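As a basis for the values below, the full set of heavy atoms in this structure was taken, side chains included, without hydrogen atoms, waters or symmetry mates. In what follows, chains are A, B, ... by sequence order, proteins preceding strands, each numbered from 1. None of these values were measured; they are calculated from a predicted model.
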There are 2 protein chains.
Amino acid sequence: MSARNKPYECGLDAAVDVIGGKWKVLLLWALAERPHRFGELRRGLPKITEKVLTQQLRELEADGIVHRETFPQVPPRVEYSLTEAGRSLNEALAPLGAWGTAHMSHLEATYDQRHPG
Amino acid sequence: MSARNKPYECGLDAAVDVIGGKWKVLLLWALAERPHRFGELRRGLPKITEKVLTQQLRELEADGIVHRETFPQVPPRVEYSLTEAGRSLNEALAPLGAWGTAHMSHLEATYDQRHPG
DNA sequence: CGGTATCCGCAATGATACTG
DNA sequence: CAGTATCATTGCGGATACCG
């Protein structure tokens, strides 16, 4: 299924696709603070399942945002950290975070229109 | 997940939710250039359906990003433009767009992992 | 501990037809 | 021209069970 012509209209389109996953910005935020082990991340996002956490981390890894390092020991240990691209992405997201914070009260009020039910 | 007390963990979380719709950043991009009529937007995004375009515009309107103005004429005419919040959101998105542009070639290569099938 | 392997509900998206 | 209305699709995110 390659041969797809130009999936994105512009860089912004691509960037939103990368961080659009339900948990990705929260993972980015956690990993920006410091590297985390799998279990730490899972406990930090209490409502995420192991499958989904794995999926999101694997996608971020493929996108070059997250670095995954396994330590061959018993019990197994895996650490996730940000790559250089991940750190620069995080910086690029700072203004957006500030915008969201500034408009938070209104965005909470309109939450139900974006998530009916 | 319907209405909770605190739907968002942080401002970034909220902002991504607002622009996370499949077409929203493209609409923002078009409207930042100049106001557009409904049909102009539809022709600019050839693959969007009228129903989805209406939905996304209504959500952006509720979020205070987009201003909708109807002219009571025959044939009917409706113009969409950015509000002040919309313009500031657009500015906040600029670094993210630059990041996406800089990493575009890699993001195109990993497109299939985010969109299997 | 850090994952896979299945199964699945449901909201988001889409196609088509119709309307003021 | 600018939308609704209705029905179909699909794939994300989740629940649960099992593995090295």
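Contact annotation for A:Arg68: backbone-only contact, meaning every heavy-atom pair under 4.0 Å involves sugar-phosphate atoms and none involves a base. Using a 4.0 Å heavy-atom distance criterion, A:Tyr80 is classed as a sugar-phosphate-only contact.
The nearest whole Å value for the distance from the CG atom in A:Asp17 to the P atom in D:dG11 is 14 Å. Counting to the nearest Å, the P atom of D:dA2 and the CD atom of B:Gln73 are 10 Å from each other. A straight line from CD of A:Glu59 to P of D:dC12 spans 8 Å, rounded to a whole angstrom. For the pair B:Glu61 CD and D:dA2 C1', the computed distance is 14 Å after rounding to whole Å. Rounded to an integer number of Å, the gap from CG of A:Leu53 to P of C:dT4 is 11 Å.
Residues of residues 25-42 of chain B that place a heavy atom closer than 4.0 Å to DNA chain D, in numerical order, are B:Arg37, B:Phe38, B:Gly39.
Taking the six-membered ring where tryptophan is involved, the planes of B:Tyr111 and A:Tyr8 are perpendicular, since the angle between them exceeds 60° and thus also 30°.
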Donor-acceptor pairs are to be reported for all side-chain atoms of residues 23-36 of chain B against protein atoms at under 3.5 Å, with residues two or more places apart or in another chain.
residue, atom, partner, partner atom, Å
B:Lys24, NZ, B:Glu59, OE1, 2.5
B:His36, ND1, B:Ala30, O, 3.4
B:His36, ND1, B:Arg34, O, 2.7

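Defined by atom type and a distance below 3.5 Å, a donor-acceptor pair is missing between the side-chain atoms of A:Thr54 and A:Arg58. A donor-acceptor contact closer than 3.5 angstrom is absent between the side chains of B:Thr83 and B:Arg87.
Residues A:Gly64 and B:His106 approach most closely at N-CE1, 3.7 Å, considering heavy atoms.
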Show each protein N/O and nucleotides 13-20 of chain C N/O combination with a separation under 3.5 Å, one pair to a line.
residue, atom, partner, partner atom, Å
C:dT13, OP2, B:Gln56, NE2, 3.4
C:dT13, O4, B:Lys51, NZ, 3.4
C:dG14, OP1, B:Lys22, NZ, 3.0
C:dG14, OP2, B:Trp23, NE1, 3.1
C:dG14, N7, B:Lys51, NZ, 2.9
C:dG14, O6, B:Lys51, NZ, 2.3

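Within the model, atoms CG of B:Asp63 and CD1 of B:Ile19 stand 11.5 Å from one another, a figure rounded to the nearest 0.5 Å. For the atom pair CD (B:Gln55) and CZ (A:Arg114), the distance works out to 14.0 Å, reported to the nearest 0.5 Å.
Salt bridge annotation for B:Arg77-B:Glu79: present, with a cationic side-chain nitrogen under 4.0 angstrom from a carboxylate oxygen.
Counting heavy atoms from C-beta on, the side chains of A:Pro7 and B:Glu108 come closer than 4.5 Å.
Checking the phosphate oxygens (OP1, OP2) of C:dG2, no side-chain nitrogen or oxygen of A:Arg58 falls inside 4.0 Å.
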